[in-house]
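Here the structure comes first, spelled out in structure tokens, and everything after it is commentary.
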Amino acid sequence: MKKQVYIYDTTLRDGNQAKGLSFSLEDKLAIARKLDAFGVDYIEGGWPNPTNPTDVEFFARARQMTWKHAKIAAFGSTCRPKGVPENDPILKPLTDSKAPVITIFGKSWDLHVTEVLRTTLEENLRMIRDSVAYLKRHAQEVVYDAEHFFDGYKANPEYALSTLRAAKDGGADCLVLCDTNGGMALSWELEDITARIKRELNAALGIHVHNDTGVAVANSLAAVRAGATQVQGVFNGYGERCGNANLTVIVPDLQLKMGYKVVSDEQLKELRGLSLSISEIANLADDIRQPYVGEAAFAHKGGAHVDGVMKVARSFEHMDPALVGNARDFIVSNQSGSSLIWDKIRELAPNVDRRSPEVAAILAEVKRKEDQGYHFELADASFQLLASRHLGLFRDSFEFLGFKSVEERGEDGSLKSEFRLKLKVGDQVEETSALGNGPVDAMNAALLKSLVRFFPALESLELIDFKVRVLDNAKGTGATVRVWTRYVDHAHPDQEPYGTIGVSTNIIEASWQALMDGVHYKLMRG
């Protein structure tokens with residue numbers, strides 16, 4: 001039986017350093033929950049130093065949450081040259097985070113020690129050893145990231161090894177070999193060096209590589225072959241420069257191709273959903289050609305391929321796409337997502353026959369909306385509303401009659417956003433207006449203001465996230481936009497936040513759809 005490989009996710013820290021990407025606190029918490037549910041072993045939350053209040057708050061919030069599987073890790077560096085760990089300003093925020101796992105990096109390359117840190121080789125070893133030993137007294141585990149390890153090993157193998165020994169002597173639970181520049185070792189070199197380190201030190205090893213030469217996934221797998229038992233990476237491969245090792249590919253490669261048990265079979269089926277959710281939260285377009293989870297990963301277009309797959313699927317597919325939550329797609333008739341939709345329908349109405357007219361209508365409606373740009377992977381509430389209405393499980397509690405959005409700039413340069421709304425609840429017509437910080441904020445304020453006296457439960461509803469994505473930017477200001485919202489219900493703190501969606505060529509209309517769904521879902525759920 002093969003040894004277990006532990007997945008260490010750094011999407012929230014290293015992934016967040018990607019060009020064009022910036023996670024909010026709520027983004028990071030939402031991603032962390034999904035990673036935990038998927039079965040990730042370690043979630044690196046960030047570097048909790050005072051100059052980064054988002055990460056400091058993340059660890060404060062994380063301490064109040066219950067994690068099903070994952071261990072939360074704080075990231076930082078060794079103490080400063082000639083610094084005492086107990087008084088070091090770099091180490092103190094790490095211990096203050098109360099994270100059960102602390103990961104620190106240190107210098108492995110003698111060039112960095114003498115030319116960047118401007119200290120001696122012996123002092124660097126002391127910094128590593130003392131920092132790890134100090135942190136071991138404050139955390140359940142300490143992971144040591146050997147920064148620029150492969151550069152250092154090629155330049156001065158004995159010194160690079162001595163830095164690992166210093167971390168091991170300090171009590172590090174895992175020594176992680178880092179290809180920080182992402183281009184110093186190809187797979188056969190990296191596997192050979194990792195195997196040598198494993199024989200030399202007989203310690204738990206991890207691997208952390210970047211994708212600057214396009215081989216980060218291959219390098220990670222090579223390290224596992226050589227004895228590494230921890231793989232660090234980022235789902236969807238985000239990260240600095242060309243990105244980090246892509247866990248969306250590494251996890252199924254390890255489990256389906258190399259025989260390691262990384263997550264449960266049921267969790268692996270959520271891989272595509274996890275990938276889509278992270279890209280949606282990141283507000284980045286999905287990579288349709290991403291292995292395993294991309295929309296085109298199991299797409300077939302005409303001719304011999306379609307004929308072959310219809311007769312014997314494995315003739316043109318390397319695996320069953322359902323194992324990772326994907327579906328084959330014959331381009332002329334898009335089937336993507338139908339099995340997932342059926343599963344969700346059964347959650348709402350277990351006794352409804354799959355061949356019933358209601359189910360056919362739901363599938364047709366979802367297909368129609370997906371063609372318009374809707375994406376229900378993250379908009380769980382909008383999908384449940386759609387399905388519940390078709391199944392006769394929910395009727396709207398109020399009737400929308402009309403609205404008017406007013407943007408007015410005064411002579412003094414001030415901008416006023418007002419939203420006027422007309423609704424009907426039972427036999428009563430309610431007309432309300434509200435001001436806000438922009439038209440959507442005013443819209444949300446007016447909607448809740450008009451309904452809360454009829455439905456007091458809405459007092460506990462809070463809109464915590466709002467994103468807009470342009471779907472066809474070639475059309476300029478006439479483009480279709482997708483609005484995604486996220487709500488938390490403070491009356492039910494045990495329930496997960498939920499998401500809604502709206503799509504239109506008019507950003508106000510798309511926002512209105514998403515906000516209406518947010519309120520309707522709260523009233524349906526109670």
Between Tyr238 and Phe235, is a ring-ring contact (aromatic ring centres under 6.0 Å, His included) present by the stated rule, with each step listed?
CA-CA 7 Å; Tyr238 305 143; Phe235 280 90; over 10 Å; no
[X] side chain near [Y] side chain, heavy-atom distance below 4.5 Å:
X: Ile102; Y: Leu94; result: yes
X: Leu35; Y: Leu274; result: yes
X: Leu386; Y: Lys369; result: yes
X: Thr95; Y: Leu91; result: no
X: Leu271; Y: Asn326; result: no
X: Leu447; Y: Leu451; result: yes
X: Leu461; Y: Leu458; result: yes
X: Leu135; Y: Arg137; result: no

Any chance you could measure [X], atom [atom1], to [Y], atom [atom2], to the nearest 0.5 Å?
X: Arg486; Y: Ile281; atom1: CZ; atom2: CD1; value: 6.0 Å
X: Gln230; Y: Asp41; atom1: CD; atom2: CG; value: 8.5 Å
X: Glu407; Y: Phe419; atom1: CD; atom2: CZ; value: 11.0 Å
X: Phe58; Y: Leu25; atom1: CZ; atom2: CG; value: 8.0 Å
X: Lys68; Y: Phe38; atom1: NZ; atom2: CZ; value: 13.5 Å
X: Ile90; Y: Asp88; atom1: CD1; atom2: CG; value: 5.0 Å

Candidate pair Ser504 and Asn506, rule side chain to side chain donor-acceptor pair (under 3.5 Å), full reasoning:
CA-CA 5 Å; Ser504 175; Asn506 185 315; 5.6 Å; no
Flag, side chain of [X] to backbone of [Y], donor-acceptor distance under 3.5 Å:
X: His112; Y: Ser108; value: no
X: Thr78; Y: Ser131; value: no
X: Ser382; Y: Ile501; value: yes
X: Tyr498; Y: Gly518; value: yes
X: Glu462; Y: Tyr487; value: no
X: Arg129; Y: Ala166; value: no
X: Asn246; Y: Thr248; value: yes
X: Gln372; Y: Val503; value: no
X: Asp55; Y: Trp47; value: yes
X: Asn211; Y: Val215; value: yes

So which heavy atom on [X] is nearest to which on [Y], and how close?
X: Ile72; Y: Phe59; value: CG2-CE2, 3.7 Å
X: Val470; Y: Ala479; value: CG1-CB, 3.6 Å
X: Asp517; Y: Leu385; value: O-CD1, 3.3 Å
X: Ile250; Y: Ala245; value: CD1-CB, 3.7 Å
X: Ile43; Y: Ala32; value: CD1-O, 3.5 Å
X: Thr432; Y: Ser450; value: OG1-CB, 3.1 Å

Using a strict cut-off of less than 4.0 Å between a Lys/Arg side-chain nitrogen and an Asp/Glu carboxylate oxygen, indicate whether [X] and [Y] qualify as a salt bridge.
X: Asp465; Y: Lys467; answer: yes
X: Lys71; Y: Glu44; answer: no
X: Arg453; Y: Glu430; answer: yes
X: Arg469; Y: Glu280; answer: yes
X: Asp489; Y: Lys522; answer: yes

Run the side-chain donor-acceptor check on residues 437-446: report pairs under 3.5 Å with partners two or more places apart or on a different chain.
unit_1, atom_1, unit_2, atom_2, d
Asp441, OD2, Asn437, N, 2.7

Does the side chain of Gln384 pick up a donor-acceptor pair with the side chain of Arg525 at under 3.5 Å?
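No.
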Is there a donor in the side chain of Tyr42 and an acceptor in the side chain of Gln232, or the other way round, less than 3.5 Å apart?
no
Residue of the set Thr103, Asp14, Asn219 for which side chain to side chain donor-acceptor pair (under 3.5 Å) holds with His208:
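That would be Asp14.
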Other residues, nucleotides and ligands only: do more than 12 of their heavy atoms fall within 6.0 Å of [atom1] on [X]?
X: Lys98; atom1: NZ; result: no
X: Tyr6; atom1: OH; result: no
X: Lys92; atom1: NZ; result: no

Begin from the C-alpha positions of Val176 and Leu205 and carry the test side-chain contact (heavy atoms from CB on, under 4.5 Å) through to its verdict.
CA-CA 6 Å; Val176 181; Leu205 297 183; over 6 Å; no
Decide side-chain contact (heavy atoms from CB on, under 4.5 Å) for Asp173 and Lys136; before the verdict, give the C-alpha distance in whole Å, the side-chain angles of both, and the deciding distance to 0.1 Å.
CA-CA 9 Å; Asp173 296 279; Lys136 276 290 289 183; 3.1 Å; yes
For Asn236 and Asp287, what are the C-alpha separation, side-chain angles and deciding distance, and is it a side-chain contact (heavy atoms from CB on, under 4.5 Å)?
CA-CA 8 Å; Asn236 291 338; Asp287 180 359; over 6 Å; no
Under 6.0 Å from the ring centre and within 45 degrees of the ring axis: does the NZ or CZ of Arg13 meet both conditions for the six-membered ring of Phe75?
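Positive - Arg13 is close enough to the ring of Phe75 and near enough to its axis.
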Establish, for the pair Lys28 and Phe23, whether the NZ or CZ atom is under 6.0 angstrom from the six-membered ring centre and no further than 45 degrees off its axis.
no
Trp512/Phe400 under ring-ring contact (aromatic ring centres under 6.0 Å, His included): CA gap, chis, key distance, verdict
CA-CA 11 Å; Trp512 175 249; Phe400 166 62; 4.9 Å; yes
Evaluation steps, side-chain contact (heavy atoms from CB on, under 4.5 Å), between Met65 and Trp67
CA-CA 6 Å; Met65 297 168 64; Trp67 301 96; 3.7 Å; yes
